[in-house]
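First up is the structure itself, then whatever we jot down about it.
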Amino acid sequence: MDFRTGETISEKISVAGRLYLRWGDELKRDPEISARLEELSAGIKASSELSLRSGVSRVCQICEEEEGGSCCGAGIENRYSPELLLINLLFGVTLPESGNFSKSCRFLGEGGCILKAREILCINYLCSKLQKTIPPEMLLQLQEANGAEMDLLFVLHERIKGFIRQKAK
Ligand code: SF4
Ligand code: SF4
């Protein structure tokens, strides 16, 4: 099987799919990786709950629906690695074969981002409108939760890369 990294997002999605087919079950059974997956899932849940509580989700929804669109522009999907897409497959996310909107990121769906494990830029982005709208103490809490999510993601991403490197020898 061809596990080269891939250049385009479609190629990376294909590589992630092949990695999942070949090693998805083993990855889920690996005690270290399954523990990290659970931790990341909890971290993502904590930061998305804080997004809701702080009002970020509401402001972004208004921006999407009433002000002509979000910041999820075309091209951001290219930042995703096959391993990060593989983490989404391990979480049960279905990766899209094509985009919904020509001027937006491949992963933007009708109801927002379809991914569970997102790239650092996507986790960490707080536009100037959000910085002006959300109370500073909530922003701080959100930044802390986002920071924890990014740390967990980094550790898992590296573990999975190491796992694949070792298996592919
Ligand atoms: S982050 Fe800012 S620009 Fe992006 S959708 Fe939310 S409010 Fe709009
Ligand atoms: S949050 Fe999701 S839809 Fe938005 S740019 Fe990031 S990956 Fe794309």
Side-chain angles (χ1 to χ4, degrees), residues 5-20 36-37 39-158 160-161:
T5 314
E7 293 292 328
T8 66
I9 190 60
S10 296
E11 286 166 353
K12 289 179 193 174
I13 289 173
S14 298
V15 172
R18 290 197 289 276
L19 290 170
Y20 182 73
R36 299 285 91 82
L37 275 165
E39 279 176 7
L40 177 60
S41 183
I44 292 169
K45 188 162 176 267
S47 43
S48 69
E49 278 171 5
L50 216 45
S51 258
L52 271 175
R53 251 191 307 134
S54 62
V56 165
S57 304
R58 184 180 45 81
V59 178
C60 290
Q61 197 178 356
I62 294 169
C63 188
E64 277 276 346
E65 291 173 359
E66 296 172 22
E67 293 168 21
S70 79
C71 45
C72 299
I76 299 179
E77 66 275 14
N78 295 324
R79 299 175 66 98
Y80 279 74
S81 67
E83 290 83 4
L84 185 45
L85 297 170
L86 172 61
I87 292 172
N88 279 282
L89 292 174
L90 291 166
F91 277 139
V93 172
T94 303
L95 300 175
E97 283 177 15
S98 58
N100 285 296
F101 313 100
S102 62
K103 291 190 179 149
S104 299
C105 169
R106 167 78 71 99
F107 302 120
L108 185 66
E110 295 288 347
C113 182
I114 57 131
L115 298 179
K116 178 162 175 173
R118 290 172 305 146
E119 217 269 338
I120 282 173
L121 174 77
C122 303
I123 299 172
N124 210 21
Y125 185 66
L126 292 167
C127 72
S128 56
K129 190 204 283 187
L130 288 174
Q131 290 182 37
K132 281 187 214 136
T133 321
I134 308 300
E137 65 279 7
M138 287 307 279
L139 268 185
L140 193 62
Q141 282 184 44
L142 188 59
Q143 280 166 330
E144 282 172 4
N146 289 346
E149 181 183 336
M150 289 188 287
D151 289 346
L152 292 166
L153 180 66
F154 177 78
V155 171
L156 177 61
H157 193 261
E158 291 305 299
I160 288 186
K161 267 170 48 181

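What you see is a predicted model, and the numbers here were worked out from it, not measured in a lab. All ligand and atom numbering here is 1-based and tracks the order in the structure. Just so you know, these numbers use all the heavy atoms, side chains as well, and skip hydrogens, waters and symmetry mates.
In the model, Glu65 has a side-chain atom that pairs as donor or acceptor with a side-chain atom of Gln61 under 3.5 Å.
Of all protein atoms, those that are N, O or S and lie under 2.8 Å from atom 4 (Fe) of ligand 2 total 1.
Atoms of ligand 1 lying under 4.0 Å from at least one heavy atom of Cys127, given by number and element, are 1 (S), 2 (Fe), 3 (S), 7 (S). Near Leu130, the atoms of ligand 1 lying under 4.0 angstrom from a non-hydrogen atom of the residue are 1 (S).
For the pair Glu119 and Arg79, the salt-bridge criterion is met [side-chain N within less than 4.0 Å of a carboxylate O]. Salt-bridge annotation for Glu49 and Arg53: absent, with no side-chain N of the basic residue lying under 4.0 Å from a carboxylate O of the acidic one.
Using a distance-only test at 3.5 Å, with no hydrogens or angles considered, a donor-acceptor pair links the side chain of Ser54 to the main chain of Leu50. Asn88 places no side-chain N or O within 3.5 Å of a backbone atom of Leu95 that could act as its donor or acceptor partner.
Residue Phe91 comes nearest to Ala117 through the heavy atom pair CE1-CB, 4.2 Å, listed as atom of the first residue, atom of the second, then distance. For the pair Arg36 and Leu156, the tightest heavy-atom approach, listed with the atom from each and the gap, is CB-CD1, 3.7 Å.
For the pair Leu126 and Ile134, the minimum side-chain heavy-atom distance is 4.5 Å or more.
At least one heavy atom of Tyr80 sits under 4.0 Å from some atom of ligand 2.
Here Leu126 has no heavy atoms under 4.0 Å from ligand 1, in either its backbone or its side chain. At a heavy-atom cutoff of 4.0 Å, ligand 1 is contacted by both the backbone and the side chain of Cys60.
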